[in-house]
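Heads up: the structure comes next, in C-alpha cells.
Each chain gets a letter, A, B and so on, in the order its sequence line appears, and its residues count up from 1. Quick note: numbers below take in every heavy atom, side chains included, and nothing from hydrogens, waters or symmetry partners.
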2 protein chains.
Amino acid sequence: MNPAQHPDVNMGACDLGDMVTPITPVDARTLVSVSEAVIRTASRAERKERTRQNLLDVTLKLIGKRSLASISLREVAREAGIVPTAFYRHFESIDALGVELVDESMRPLRQMIRDTRRGATAKGDIIRGTVDILGRQVRDNPDQFRFLSRERYGGVTAVRRAIATELRLFTSELTIDLARMTAGYDWTSDDLEMTADLMVSAMLATVMELLEIDKRHPEDEQVILERAERQLRLIALGMSVWRSAR
Amino acid sequence: MNPAQHPDVNMGACDLGDMVTPITPVDARTLVSVSEAVIRTASRAERKERTRQNLLDVTLKLIGKRSLASISLREVAREAGIVPTAFYRHFESIDALGVELVDESMRPLRQMIRDTRRGATAKGDIIRGTVDILGRQVRDNPDQFRFLSRERYGGVTAVRRAIATELRLFTSELTIDLARMTAGYDWTSDDLEMTADLMVSAMLATVMELLEIDKRHPEDEQVILERAERQLRLIALGMSVWRSAR
DNA sequence: CTAGTCAGTGAACGAATGTTCACTGAAATA
DNA sequence: TATTTCAGTGAACATTCGTTCACTGACTAG
C-alpha cells in the first residue's frame with residue numbers, strides 16, 4: 001500500500017555475535033554466551049546452512065500474512081538479518097526459494113502418513129485416528145500448511161507445479177493404503193485412486209478451514225474436525241456398497 | 001523479476017475514439033465507426049460504467065497469470081487505457097477492486113445452481129447433469145474460476161473473506177437441495193450441511209484440476225470430469241446407507 | 001604459516017510503485 | 001445560456017525494488 005516503511009537496517013534475527021567482534025581475549029573466554037559459543041565453534045558450512053535455514057524460516061513466517069509473489073527479496077533478507085546481495089549466495093530468486101520451501105512444508109504431511117499407518121496397525125478407529133493426527137499436525141505446523149494451501153493455486157508457476165507433484169505423491173500413498181484395505185473386494189486401481197483423491201480433497205479443505213479459524217473462537221476446531229470425521233465416514237460407507245464396473 | 005519492462009504508454013484496450021478528437025465535422029459525420037458512435041452517444045454515467053467494467057475485466061485477465069497481491073494499480077490502469085490517477089475515480093485500491101471482482105466471479109457459480117435445478121426437475125441423471133454443467137461453466141468462464149480458486153486462500157484478507165462468505169452461501173443453497181432430496185429419511189440439518197460441504201469440496205477440487213489442464217492435452221478434461229462423476233456417485237452411495245445419529 | 005575460498009558487505013544503478021495535486025474539457029444542471 | 005460537476009490528464013514526489021560490482025575478512029586447505 002504505502003511505499004514508505006522500512007529503512008534498510010540490519011536488525012532482528014541476526015546473532016549478537018556480530019556485535020562483539022572487537023572484544024578482548026579475556027572477555028571472550030569469560031563472558032561468552034552459549035549461543036555465541038555455538039556460533040564461534042560453527043564451521044563455515046554450518047554457518048551457511050544456518051543462514052539458509054533462517055531465510056527459509058523467515059519466508060515461511062512472511063507467507064503467513066501475504067503471498068509469495070508479493071514478498072520481496074529485500075524484505076526476506078532484511079528479516080533474516082543479512083544484506084540483500086547475500087541472499088544470492090543461497091538462492092537465485094524468491095521463486096527458487098519457494099520451490100525449496102515446498103519440500104520443507106511437505107514434511108508434516110509425510111509425517112501424517114507415517115503416524116496414521118502406525119495408528120492403523122495398532123488398533124481401533126482408523127478414521128478417528130486420522131482426523132486426530134490431521135488436527136495435531138495442522139496445529140503444530142500452521143505456517144507450513146498455510147504455505148501449501150496459499151501457494152497451491154497461487155501466482156508462482158514453479159511453486160504450484162512442485163506442490164502439485166508432491167500432492168500427487170501423497171494421494172498415491174493413500175491409494176496404496178486403500179488397496180490394502182479393500183483387498184479381495186475387486187476394486188479397480190482407477191476407483192481406488194478416485195477415492196483417495198476425494199479423501200485428500202476433503203482433508204485439504206479441512207486443513208484450510210482449520211487455518212482460517214479466528215483465534216478468539218478456538219472451539220471451532222472441534223466442530224471442523226468432527227465434521228471432517230463424518231465426511232470420511234460417509235465416504236467409507238459409500239465404499240462398503242461400491243462395486244467397481246470392470 | 002526484472003524491474004524494467006513497461007514504458008508508461010496508453011495503448012491496448014482503449015477505444016480508437018480517443019485518437020480522432022481533432023476531426024472535421026464532415027469526417028465525423030461520414031467516417032465515424034459504430035463503436036465510436038456508441039461512445040459519442042453514451043452519457044457520462046454510461047462511459048464511467050464502461051471504464052469501470054473495463055478495469056474489472058482487465059484485472060481478471062491479469063490474474064490469469066499472477067496473483068492479485070502482485071498486480072499493480074499502474075499495470076491495471078495501463079492495460080485499461082487510462083492514467084493511474086483515474087483509477088481512483090472507480091476504486092480506492094486494488095484490494096477494493098478485488099472484493100468487487102468476487103461478486104462478478106460468483107455469477108457463473110450461481111448460474112450453475114440454477115441450471116442444475118432446472119435439469120433436476122426435468123429428467124434423468126442428476127449427477128451426470130451436474131458434472132456436465134460444471135465442465136461447461138469452467139470452460140466458458142475460466143478467468144472467473146481461476147480468480148476464485150487463486151484468491152480463495154490468497155494473500156488479500158478482504159478478498160479471502162468475501163469469497164468465503166459467498167461460498168458459504170453456495171453451500172447452503174446445495175444444502176437446501178439435499179434436504180429436498182432426502183425428505184422423509186430423517187437427516188439432521190447438520191449432516192446435510194456436512195454432506196453439501198463435502199460435495200462442494202470435491203467440486204472445487206475438480207474445478208482447480210480443470211483449470212490446471214495443459215492445453216496440449218484437452219482429453220484430460222474428460223478424465224477429470226469422469227472422476228468427479230464417480231466421486232459424487234460414491235458420496236450418493238454413502239448417503240443411501242447413512243443414518244443420522246439423533 | 002600462507003594462499004585461496006567464499007559468506008556477507010555496502011554503495012550505486014535504473015526502473016517501477018502508490019499517491020498528491022492542480023488542471024482540462026465535455027457533459028449535466030440550472 | 002451560464003454554471004457546475006467530474007472522469008480523465010500529466011507532472012512530480014518519495015519510496016521500494018532487483019541486480020551489478022568491487023570489497024573484506026574469517027575460515028579452510030595446502
Collect all protein-nucleotide pairs involving nucleotides 28-30 of chain C in which both atoms are nitrogen or oxygen and the distance is under 3.5 Å.
| from | atom 1 | to | atom 2 | distance (Å) |
| --- | --- | --- | --- | --- |
| C:dA28 | OP1 | B:R44 | N | 3.3 |

Can you give me the N/O atom pairs linking the protein to nucleotides 1-3 of chain D at distances under 3.5 Å, or say none if there are none?
none

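Between the CZ atom of A:R50 and the C1' atom of D:dA26 there is a distance of 15 Å, rounded to whole Å. With rounding to whole Å, B:F87 atom CZ is found 19 Å from D:dG10 atom P. Residue B:E75 contributes atom CD, which lies 9 Å from atom P of C:dG18 at whole-angstrom precision. Rounded to whole angstrom, the span from the CD atom of B:E92 across to the C1' atom of C:dG18 amounts to 13 Å. As rounded to whole Å, 10 Å separates atom P of D:dG8 from atom CG of B:N54. In this structure, CG of B:L73 is placed 14 Å from P of D:dG8, rounded to the nearest angstrom. Spacing between atom CZ of B:R74 and atom P of D:dA11 amounts to 12 Å, rounded to whole angstrom units. When the P atom of C:dA7 is taken as reference, atom CG of A:L55 falls 13 Å away, rounded to whole Å.
Between B:I94 and B:R89, the residue anchored nearer the 5' end of DNA chain C, judged by the nucleotide with its closest heavy atom, is B:I94. The residue among B:S72 and B:T85 whose nearest nucleotide of DNA chain C is located toward the 5' end is B:S72.
Between A:L167 and A:L148, the closest side-chain pair of non-hydrogen atoms is not below 4.5 Å. For the pair A:S93/A:L73, no side-chain contact is recorded, criterion being any heavy-atom separation below 4.5 Å from C-beta on.
Note on A:E221 versus A:R139: salt bridge recorded, some NZ/NE/NH1/NH2 to OD/OE distance being below 4.0 Å. The pair A:E212-B:R152 does not count as a salt bridge, with every side-chain nitrogen at least 4.0 angstrom from each carboxylate oxygen. With salt bridges taken as basic N to acidic carboxylate O contacts below 4.0 Å, none links B:E79 and B:K61. Salt-bridge formation is not detected for the pair A:R146/A:D143: no Lys NZ or Arg NE/NH1/NH2 atom is positioned less than 4.0 Å from an Asp or Glu carboxylate oxygen.
Of the listed residues (A:R168, A:R117, A:R110), just one forms a salt bridge (Lys or Arg N to Asp or Glu O under 4.0 Å) with A:E173, and that residue is A:R117.
In this structure, the nucleotide among D:dG10, C:dG8, C:dT17 sitting nearest to the side chain of A:H90 is C:dG8. In the set D:dT9, D:dT19, C:dT20, C:dT20 carries the atom at the smallest distance from any side-chain atom of B:Y88. Side-chain atoms of A:A86 lie closest to C:dT9 of the nucleotides C:dT9, D:dT19, C:dT19.
For the residue pair B:Q111 and B:R114, a side-chain donor N or O sits within less than 3.5 Å of a side-chain acceptor on the partner.
At the phosphate of D:dC17, OP1 or OP2 sits under 4.0 Å from a side-chain N or O atom of A:R78. The side chain of A:S93 contributes no N or O atom lying less than 4.0 Å from OP1 or OP2 of D:dG18.
When the salt bridge (Lys or Arg N to Asp or Glu O under 4.0 Å) test is applied to A:D57, no partner is found at least two apart in sequence or on another chain.
Nearest heavy atoms, A:L55 versus A:A80: CD2-CB, 3.6 Å.
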